[in-house]
2 protein chains.
Amino acid sequence: MTRSEASAPRSAFDSDCPSRTVLNHVASRWGTLIITCLRGGPQRFYVLRDSIGGISEKMLSQNLRLLATDGLVERRVEPSSPPQVTYALTPLGEELAEHLQSLVDWVTLRTDEILATRARHGVGDS
Amino acid sequence: MTRSEASAPRSAFDSDCPSRTVLNHVASRWGTLIITCLRGGPQRFYVLRDSIGGISEKMLSQNLRLLATDGLVERRVEPSSPPQVTYALTPLGEELAEHLQSLVDWVTLRTDEILATRARHGVGDS
DNA sequence: CCGCATCCATTTTGATACTG
DNA sequence: CAGTATCAAAATGGATGCGG
């Protein structure tokens, strides 16, 4: 074989590699916060919505569905009077959550320094 | 004081907290890959573009500028014939990169399991 | 009232062409 | 080489509606 065509993309740096997709679900605007939020135990939909400032219900349910099909989050339906839907991390999700938590913690810890740098560079928000 | 208005948002879960902004720069579609990519040492613009499959020049320069104003990435200009611009992690960026690397590593490691789960749920890509 | 689907205005992203 | 300008496509969020 000539080895001319890379056969299977192997890392998240390849746009066609499955791990790229997973990374996009997880390292996304809301993914990190949703998963981190679920570390405290199973949460109701509206609790998540209220915990994660600025998220829309649409994005929340969209991301939850995505994470559910990835096997990172489990959706439980309690058929009670006002129907209760609860979301929880799977074992796989718990594992991931630890990594994300350390990321969020680091960001929280260093934000002041970063802010100071940003002031020096001339404030650009976004 | 009546405490009626939350004075200062304190975590990334508040949409107005500065750490939310930082998290968005870092835990974004491209931020994670760019920073991880820079772990190998300073890189030229076109190297980054070619290393990170699927990124557009626009998104690359936009994200690099953002990360630079955050003090995570440094932009160096060599005034040579064809002007050379190099990007490198700052010490702060290096610190962050370790966290992101462990995240990327985990995703790479677990992608097969996640794929299997997704098959069970009925494939939904995106 | 809770969870979510749908429609539409706004924002973000990407492909390509173009400049110093 | 290292970007910026331009325009089209997609993601996002808000409002709204609806079944349970």
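Note that the structure is a prediction, hence the values are computed from the model and not measured. Sequence lines set the chain letters: A, B, ... in the order given, protein chains first and strands last, and positions in each chain run from 1.
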Could you give the CZ-to-C1' distance, from A:F45 to C:dG3, as a whole number of Å? 6 Å
Please determine if a side-chain N or O atom of B:W30 lies less than 4.0 Å away from the OP1 or OP2 oxygen of C:dT12. no
Between A:Y87 and C:dC4, is there a side-chain N or O to OP1/OP2 distance below 4.0 Å? yes
Distance test, side-chain N/O of B:R29 to OP1/OP2 of D:dA10, below 4.0 Å: no
Quick check: are there more than 12 heavy atoms from other residues, nucleotides or ligands sitting under 6.0 Å from CD of B:E78? no
Check the phosphate of C:dC4 against A:R49, side-chain N and O only, distance under 4.0 Å to OP1 or OP2. Yes or no? no
Euclidean distance, atom CG of residue A:L48 to atom C1' of C:dC2 [Å, nearest integer]: 13 Å
Would you call A:R39 and A:E98 a salt bridge, taking side-chain N to carboxylate O under 4.0 Å as the test? no
Quickly work out the B:L60 CG to C:dT13 P distance and round it to whole Å. 13 Å
Option among A:I34, A:L67, A:L72, A:V73 that satisfies the side-chain contact (heavy atoms from CB on, under 4.5 Å) test with A:L89: A:V73
B:L64 atom CG is separated from D:dG3 atom P, nearest whole Å, by 8 Å
How long is the line joining CD1 of B:I55 and P of C:dT13, in whole Å? 11 Å
Identify which nucleotide among C:dA5, D:dG3, C:dT13 has an atom closest to any side-chain atom of B:Q62, counting heavy atoms from C-beta outward. C:dT13
Could you tell me the separation between the CE atom of B:M59 and the C1' atom of D:dA10, rounded to a whole number of Å? 12 Å
What is the distance from CD of A:Q84 to P of C:dG3, rounded to the nearest Å? 8 Å
Report yes if a side-chain nitrogen or oxygen of A:R44 is closer than 4.0 Å to either non-bridging phosphate oxygen (OP1 or OP2) of C:dC1; otherwise report no. no
Donor/acceptor link under 3.5 angstrom from A:E57 side chain onto base of C:dC4: yes
Taking only side-chain N and O atoms of B:S61, does any of them lie within less than 4.0 angstrom of OP1 or OP2 on D:dT4? yes
Could you give the NZ-to-P distance, from B:K58 to D:dA2, as a whole number of Å? 20 Å
Using the side-chain heavy atoms of B:P83, tell me which of these nucleotides is nearest: D:dT12, C:dG3, C:dG20. C:dG20
Salt bridge or not for B:R20 and B:D14, using N-O below 4.0 Å? no
Is a salt bridge present between B:E74 and B:R76, judged by a nitrogen-to-oxygen distance below 4.0 Å? yes
